[in-house]
Amino acid sequence: FPVTIHVFTKRYDKEPSGSVAVTMGSRNTKELSAGYGGKLGDYRLALDATERRTDGRSARVGASYNPDNDGYVNQGLNFRLSKNLLDSTEIGVFLTSFRGESDYDDSGVSDVHRLDRSNDSYGVFLQTKLTDSWKTKLELSRSTLKLEDYLNGVQKTFLNGGLSEGDQNNFRWENQYRLTRSLRLTGGLEASTSDFSGRYYDSGISGYARSDTNRETKAAYVGALANIDRFELQANLRRDEIDAKQVGSTSIEADETSWLLGVGYWLADAVKLTAARSTAFRAPSPDEFVSVPTLQPENHKTDEIGITYKNTIFQTRLVRFISSSKNSIVYRSDTFDYENINIENNGWESFSSLMFKNWRAKLSLTAQDPRNVTVSNTRLARRARAFGSFELSYEHDSATYGGRVYSSGSRKDSNFNSTVLAPYTTVDLYARYRLNKELVLGARIENVTNDDYQLANTYLTPGRGIFVSLSYQPKY
């Protein structure tokens with residue numbers, strides 16, 4: 001039986017205070033969060049720490065996998081400290097840190113597999129107001145990542161995936177400029193350098209080989225938002241330049257420009273029509289281009305039109321979209337490497353919400369037709385043609401009761417097999433009761449019907465779970 005307690009830091013611009021939250025529940029799940037933050041003179045502080053651990057359940061089903069439970073432990077820390085130098089200038093430092101240990105299943109009915117992950121990021125920033133209309137921010141940061149894989153308590157060798165690690169240095173300059181009351185401009189520069197060591201599958205030797213990669217990226221972007229009479233206009237333009245190479249071997253260069261144009265028109269006080277076209281791109285990651293040097297960057301294009309209705313108690317939005325992806329990069333589970341494919345999709349998305357007296361309701365629905373154009377317009381893997389959710393809640397005095405239903409249609413498991421994953425529906429229930437101004441007691445039941453479904457073939461998802469939480473946060 002699970003219990004949950006949550007901790008939340010107070011607002012960054014208030015007098016310093018602390019908060020805490022605890023949760024306990026099914027599968028021996030335990031979570032503790034604590035925070036402290038606020039403003040003291042010219043200083044602002046925010047500090048949050050969280051630990052969550054659970055025994056979990058077996059990660060995979062099948063005769064070749066260990067049927068024992070596969071749990072995990074996650075620990076996180078967030079820290080931010082800043083000082084106001086002048087009325088409009090702030091300088092500060094930040095740190096985020098994550099540690100995780102996760103059991104998982106691979107081949108070996110009695111083998112125990114564990115993956116350890118550590119991820120840290122830290123940096124400094126300076127933000128100021130150069131004029132009444134111009135805000136700017138500079139940020140320098142560094143991040144590190146390490147993955148360590150263990151088999152039966154012993155770290156695997158490098159070529160068996162026992163160690164992967166990398167680091168990245170980042171520069172970011174952001175600007176916001178209000179030209180007039182109805183026209184706002186944004187713009188900035190980004191740059192990063194990264195190094196990563198890992199392994200990749202080399203089809204030439206039918207086995208894994210070491211890869212040491214370097215990557216340099218540069219980007220510049222501008223944007224504009226304007227309100228003209230009943231029109232809302234948006235335009236964004238971005239240029240990316242990427243240079244990546246495997247030390248002493250393969251290299252790629254990718255220079256792409258992406259953009260967005262959007263328009264909204266208030267047909268009436270409560271009705272708005274919208275239309276947008278956008279493009280995007282993604283260069284191959286180090287593992288991808290080292291594995292297959294001929295991979296091309298992904299290029300995406302999306303067109304959409306929509307209508308929105310909104311009043312004080314009800315709002316709804318309906319969107320028609322058409323998208324295409326050229327050279328989308330996908331993993332081949334049959335050859336352990338990657339390939340480019342072309343993808344097309346079109347469909348409808350809708351979202352509605354209603355607030356009536358003490359009742360709240362939300363409904364979202366998506367109907368689409370994602371296709372792998374490269375392979376005879378076949379159904380795209382892991383994409384349902386229809387999915388949606390409905391949430392209903394009721395507030396009475398100090399209590400809130402609610403539930404959420406999520407449903408998804410069938411999905412093809414992979415582009416390289418004929419397995420079809422069955423449709424599924426999950427039901428979650430929750431309740432919250434405010435004991436006083438600062439204490440909130442909560443309870444939730446996840447997957448009430450204990451539906452046994454899979455998002456990927458042989459990989460299990462959590463069954464029914466019951467959780468209880470208690471959170472404390474000061475009120476002013």
Applying ring-ring contact (aromatic ring centres under 6.0 Å, His included), name anything that partners F336, two or more places apart in sequence or on another chain.
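Scan of F336 (ring-ring contact (aromatic ring centres under 6.0 Å, His included), adjacent residues dropped) gives Y201.
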
Run the side chain to side chain donor-acceptor pair (under 3.5 Å) test against [X] and tell me which residues pass, sequence neighbours left out.
| X | answer |
| --- | --- |
| W134 | N175 |
| T461 | none |
| S285 | E288 |
| S97 | R99, D120 |

In residues 256-271, what donor-acceptor pairs under 3.5 Å come from side-chain atoms, sequence neighbours left out?
from: T257; atom 1: OG1; to: R239; atom 2: NH1; distance (Å): 2.9
from: W266; atom 1: NE1; to: E232; atom 2: OE2; distance (Å): 3.0

Test the R404-Y430 pair against the cation-pi criterion, namely NZ or CZ under 6.0 angstrom from the six-membered ring centroid and within 45° of the ring axis.
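Ring-cation test returns no.
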
Looking at F351, I'd like to know if the NZ or CZ of R317 sits under 6.0 Å from its six-membered ring centre while staying within 45 degrees of the ring's axis.
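Output no; distance or angle outside limits.
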
Donor-acceptor pairs are to be reported for all side-chain atoms of residues 192-200 against protein atoms at under 3.5 Å, with residues two or more places apart or in another chain.
from: S192; atom 1: OG; to: T217; atom 2: OG1; distance (Å): 2.5
from: D195; atom 1: OD1; to: N214; atom 2: ND2; distance (Å): 2.3
from: S197; atom 1: OG; to: D212; atom 2: OD1; distance (Å): 2.6
from: R199; atom 1: NH1; to: L159; atom 2: O; distance (Å): 3.0

With side chain to side chain donor-acceptor pair (under 3.5 Å) as the rule and sequence neighbours excluded, what pairs involving residues 321-332 come up?
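Only H300-S325, R332-D334, R332-T335, R332-E339 qualify under side chain to side chain donor-acceptor pair (under 3.5 Å).
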
Apply side-chain contact (heavy atoms from CB on, under 4.5 Å) to [X] and list each qualifying residue two or more places apart in sequence or on a separate chain.
| X | answer |
| --- | --- |
| S88 | T128, K129 |
| Y122 | L95, R142 |
| Y150 | R114, D116, E148, Q155 |

Who are the salt bridge (Lys or Arg N to Asp or Glu O under 4.0 Å) partners of E190, not counting sequence neighbours?
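Applying salt bridge (Lys or Arg N to Asp or Glu O under 4.0 Å) to E190 gives R172, R238.
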
To the nearest 0.5 Å, how far apart are CG in L183 and OH in Y177?
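Answer for the CG-OH pair, L183 versus Y177, is 10.0 Å.
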
Distance check, rounded to the nearest 0.5 Å: N74 atom CG versus R52 atom CZ?
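Reported to 0.5 Å precision, the distance equals 8.5 Å.
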
Please find the pair of heavy atoms, one from F321 and one from W348, that lie closest to each other, and give the distance.
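In this case the closest contact between F321 and W348 is CE2-N, 3.6 Å.
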
